[in-house]
Amino acid sequence: MKYVPLLLYSFRWNIETSYYEQKTFWSFCNYIVRSCQGIEMLVNLINISYYAMKILPYQNEHFSEYRTKSVQEFRFELSRAFTVRYFLPLS
């Protein structure tokens, strides 16, 4: 019974880690909402973005090497590839 708080905190830790990733790595830290609907839309946008990055390596074999990597590494590589393909040819 004395380990129940520790078990419950492990759930909280996963939530806090997810929140930290969303605010830091997804650059939503400056996004300001002023209504309940706005907050709900922000949470939905964050979750869709995050899970799209988690699912894509399993849906497309081209990205299969990122199945074991973090979402941040995958996002960084996609961002870099997008920049090289679409912005560098313009320079």
Side-chain angles (χ1 to χ4, degrees):
M1 188 68 177
K2 67 180 184 179
Y3 295 108
V4 170
L6 186 59
L7 174 67
L8 295 175
Y9 189 77
S10 70
F11 293 120
R12 180 186 167 122
W13 181 254
N14 290 334
I15 292 169
E16 288 181 7
T17 303
S18 175
Y19 180 77
Y20 173 77
E21 288 179 350
Q22 293 166 0
K23 296 295 273 183
T24 305
F25 297 104
W26 295 95
S27 302
F28 287 123
C29 53
N30 292 327
Y31 190 83
I32 299 172
V33 292
R34 301 184 196 286
S35 68
C36 239
Q37 183 181 12
I39 293 169
E40 183 179 328
M41 291 171 61
L42 172 64
V43 169
N44 289 337
L45 174 63
I46 289 170
N47 288 329
I48 288 169
S49 302
Y50 180 80
Y51 288 107
M53 297 299 290
K54 292 294 277 184
I55 291 171
L56 187 58
Y58 295 95
Q59 294 295 318
N60 189 324
E61 284 298 316
H62 180 74
F63 301 113
S64 63
E65 66 184 87
Y66 297 102
R67 289 178 182 170
T68 58
K69 298 194 178 188
S70 73
V71 172
Q72 291 79 27
E73 289 175 291
F74 185 37
R75 184 184 69 91
F76 176 76
E77 287 301 319
L78 277 180
S79 175
R80 187 188 60 74
F82 185 82
T83 301
V84 167
R85 182 169 182 172
Y86 293 107
F87 292 111
L88 289 181
L90 299 176
S91 328

- request: Could you list the residues that satisfy side chain to side chain donor-acceptor pair (under 3.5 Å) with E65, not counting sequence neighbours?
  value: none
query: Measuring from K69:NZ to R75:CZ, what's the distance to the nearest 0.5 Å?
result: 15.5 Å
task: Please assess L56 against Y66 for the test side-chain contact (heavy atoms from CB on, under 4.5 Å), listing each intermediate value before the final yes or no.
output: CA-CA 9 Å; L56 187 58; Y66 297 102; over 6 Å; no
query: Is there a donor-acceptor contact under 3.5 Å from the side chain of S49 to the main chain of L45?
result: yes
- prompt: How far apart are the closest heavy atoms of P57 and M53, and which atoms are they?
  reply: CD-O, 3.2 Å
query: Is there a chain of hydrophobic side chains (I, L, V, M, F, W, Y, each step under 4.5 Å between heavy atoms) that links Y51 to L78?
result: yes
- prompt: Quick one: OG on S70 to NZ on K54, what's the gap to the nearest 0.5 Å?
  reply: 8.0 Å
